[in-house]
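All values below come from the heavy atoms of this structure, side chains included, with hydrogens, waters and symmetry mates left out. We name chains A, B, ... by the order of the sequence lines, and we start the count at 1 in each one.
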Amino acid sequence: MAMTEQEILAGLGKIVNEITGVPAAEVTPEKSFVDDLDIDSLSMVEIAVAAQDEFGVEIPDDQLKHLKTVKDVINFIQA
Amino acid sequence: MSKDRVRVVVTGLGATTPLGGDVASTWSALLDGRSGIRTLTEDWVDTVPVKFAGVAAVDPGEVLPRPEARRLDRAEQFALIAARQAWQDAGAPEIDGERLGVVVGSGIGGIGTILSAYDLYREKGWNRLSPFTVPMLMPNGSAGWISIELGAKAGAHAAVSACATGAECIGYGIDMIRSGRADMVVAGGTEAAIHGLNLASFAAARAMSTRNDEPERASRPFDKGRDGFVLGEGAGIVVLESEEHARARGARIYAAAAGVGYTSDAYHITGLDPDGQGGKNAMLAALKHADIAPADVVHVNAHATSTPLGDEIEARAIKEAIGGHAIVTATKSMTGHLLGGAGGVESIFTILALHERIVPAIANLDDPADGIEVDLVRGEPRKLDGDQLAAINNSFGFGGHNVAVAFTTV
């Protein structure tokens, strides 16, 4: 069964907090990883690796660079 | 005063060891004669003949925020913790980054990262590896991270010489300041190698104690019953500074880092040259570099790892280089052997012995080996008397590396 946006958001919040220390509550759909959450490209790789374990969805590098916001990641995982 | 005669002083100390999470708790445990060695409970312990070690008293995961800790190998975690302590202890001074250096090494490097990353790569594939795998496993990683933290741009180095690493790094730091390349250097060593593979490998070299029924009694330098070294982990890092720079900012000065001597045995890849000339000549070179006489040296923190051959060879070398008056301690009897971290923490112990005028006793020294002609500290810590005192920290490493660092009171 597909995960809901809320479930994915909660999982992403946990991952982002674990990797960057940004509080999970700040990880909201409209936030940009680079501009709002101050997350660098290597941290995005870490997030993608963790997301693979958490959601069972592989995010290839050529896709990862297009995922600018939290909502982009949620959409990618739901697709 | 020519550049190469700049006097170097120690203005900050930081450590995390099997005895405590900082310098004060470690030093107090040493003076109390406590052991940092305990039985291991890891699931691999049944596969190795050595079932105990000196695990860090404070887990670095309790000190560092999780996002930072996960990007660092355990050895780098220890190094960063000790470096921060040392820098704070030195007063966290404002300094031009171009005049600040770092010399921090590890004997083995990020071995824990190598092993776990290899398992992950085999089980789940390359794309599950952390993008930080390489900086976690490289032995210069600690030096790099510390340089970033402090903005140190005068050079970040990582001498690698097995169990002499920490002392060699401090020596290199002294050289950087004496040669005018830096005004301050953060220097020392780190190691995190308590893993089944390392215990197995050192046991394969027949170097380790297997006194599994009495872990706290297993590290017994200079004792007749010694049967090998005991592995420890942690880091010891000092802040070195030109005396001129330290005086100008009113820094607290623990001691002068007066000189360093290096030699290589060119004899055997793991065994000490039985005539002890390499160790002796390193001590003599340190005295010359420090411009002090053997009679000035009241105390030696011996390398003394509790191996059957090494301790007596070193005692003879001390007798020949310094003389029988030297008050000798062997703090690995309580910390275990921190490998690349050993020269860092033991330099700190040597500095504190001069600063506090007291030398910790050697633990587990029930029955000294025959023919030792130096003054081993037994039972209680020994007070040091006198105004102008010098002391030496010895560190020797596989590969035949011999390093002696000379410190003096100021």
Side-chain angles (χ1 to χ4, degrees), chain A residues 3 8-28 31-70 72-79, chain B residues 58-81 83-84 88 109-110 112-151 156:
Chain A
M3 295 179 82
I8 296 170
L9 188 60
L12 272 178
K14 198 178 67 179
I15 288 169
V16 170
N17 177 250
E18 159 89 6
I19 289 169
T20 68
V22 171
E26 290 184 19
V27 182
T28 50
K31 293 278 176 67
S32 155
F33 288 104
V34 174
D35 298 332
D36 299 325
L37 300 175
D38 198 24
I39 290 171
D40 65 21
S41 61
L42 280 188
S43 294
M44 277 307 294
V45 174
E46 292 188 274
I47 289 167
V49 170
Q52 196 169 334
D53 281 329
E54 178 80 14
F55 307 114
V57 176
E58 188 172 347
I59 308 176
D61 284 0
D62 58 355
Q63 297 294 314
L64 184 62
K65 64 189 175 197
H66 298 304
L67 305 180
K68 306 288 189 198
T69 66
V70 175
D72 292 342
V73 175
I74 292 170
N75 290 343
F76 184 89
I77 290 167
Q78 284 185 319
Chain B
V58 176
D59 192 87
E62 294 172 24
V63 181
L64 299 173
R66 177 73 187 143
E68 181 172 49
R70 64 196 305 285
R71 295 180 165 198
L72 301 169
D73 181 79
R74 188 172 171 88
E76 295 171 342
Q77 294 174 355
F78 289 140
L80 207 57
I81 288 168
R84 285 174 179 162
Q88 287 301 317
T113 295
I114 293 173
L115 294 167
S116 59
Y118 185 65
D119 287 345
L120 189 62
Y121 154 70
R122 299 263 295 189
E123 288 162 18
K124 296 192 169 178
W126 75 271
N127 60 357
R128 296 298 183 91
L129 294 175
S130 163
F132 290 90
T133 304
V134 172
M136 287 170 75
L137 62 81
M138 64 194 198
N140 56 312
S142 297
W145 280 113
I146 294 166
S147 73
I148 293 166
E149 166 114 353
L150 300 178

Quick check: closest heavy atoms across B:Pro67 and A:Gly21, and the distance to 0.1 Å? CG-N, 3.1 Å
Checking heavy atoms, do the side chain of B:Arg70, its backbone, both or neither come under 4.5 Å from chain A? side chain
Can you establish whether the number of heavy atoms outside B:Asn127 located under 6.0 Å from its atom CG is more than 12? yes
Counting heavy-atom pairs under 4.5 Å with chain B, the top scorer among A:Ala48, A:Ala50, A:Ser43 is A:Ser43
Which one of A:Thr20, A:Ile19, A:Asn17 has the most heavy-atom pairs closer than 4.5 Å to chain B? A:Ile19
Is A:Glu46 close to B:Arg71 at the side-chain level, that is, under 4.5 Å between some pair of heavy atoms? yes
Can you pull out the residues in residues 53-66 of chain A with any heavy atom less than 4.5 Å from chain B? A:Asp53, A:Glu58
Provide the closest heavy-atom pair for B:Leu129 versus A:Val49 in the form atom of the first, atom of the second, distance. O-CG2, 4.2 Å
